[in-house]
Amino acid sequence: MLRKGSLAFLDAEGAEEPLTAGADGTFRLGEDEQSPERVRFSDVLLDGQCLRFDISGNDYNRFFTP
């Protein structure tokens, strides 16, 4: 989600963690610079919406229903 001009990750329990961009196209999850958790967005549409989100090797897919 976009929060005050920055990307943030919101988990199912409502906890929010900032995403910090890395040089390799991934994002670090959380403020701890030593955190091994990485986030990658893929399958991005022309309007900027992401269809696939990978967090530390686990894929999450956006889908649409009528």
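Positions are given from 1 along the sequence.
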Enquirer: Do NZ/NE/NH1/NH2 and the carboxylate oxygens of Asp54 and Arg40 come within less than 4.0 Å?
Expert: no
Enquirer: Apply side chain to side chain contact (heavy atoms under 4.5 Å, CB included) to residues Arg28 and Glu33 and explain how you reach the verdict.
Expert: CA-CA 8 Å; Arg28 183 183 73 240; Glu33 292 183 14; 4.1 Å; yes
Enquirer: Let me confirm one number: the OG-CZ distance from Ser56 to Arg38, rounded to the nearest 0.5 Å.
Expert: 8.0 Å
Enquirer: Calculate, to the nearest 0.5 Å, the distance between atoms CZ and CG belonging to Phe27 and Leu7 respectively.
Expert: 5.5 Å
Enquirer: Give, for atom CG of Leu19 and atom OG1 of Thr26, the distance between the pair rounded to the nearest 0.5 Å.
Expert: 10.0 Å
Enquirer: In terms of the angle between their ring planes, are Phe9 and Phe53 parallel, tilted or perpendicular, with boundaries placed at 30° and 60°?
Expert: parallel
Enquirer: Grouping I, L, V, M, F, W and Y whenever their side-chain heavy atoms are under 4.5 Å apart, do Leu29 and Tyr60 come out in a common cluster?
Expert: yes
Enquirer: For Gly30 versus Glu17, what's the shortest heavy-atom pair and its separation?
Expert: CA-OE1, 3.2 Å
Enquirer: After noting the C-alpha distance and the side-chain angles of Ser6 and Lys4, does the key distance pass the side chain to side chain contact (heavy atoms under 4.5 Å, CB included) rule?
Expert: CA-CA 6 Å; Ser6 298; Lys4 298 179 183 176; 6.0 Å; no
Enquirer: Can we say Arg3 and Glu16 salt-bridge, meaning some charged N sits less than 4.0 Å from an Asp/Glu carboxylate O?
Expert: yes
Enquirer: Does any non-hydrogen side-chain atom of Cys50 lie less than 4.5 Å from one of Arg62?
Expert: no
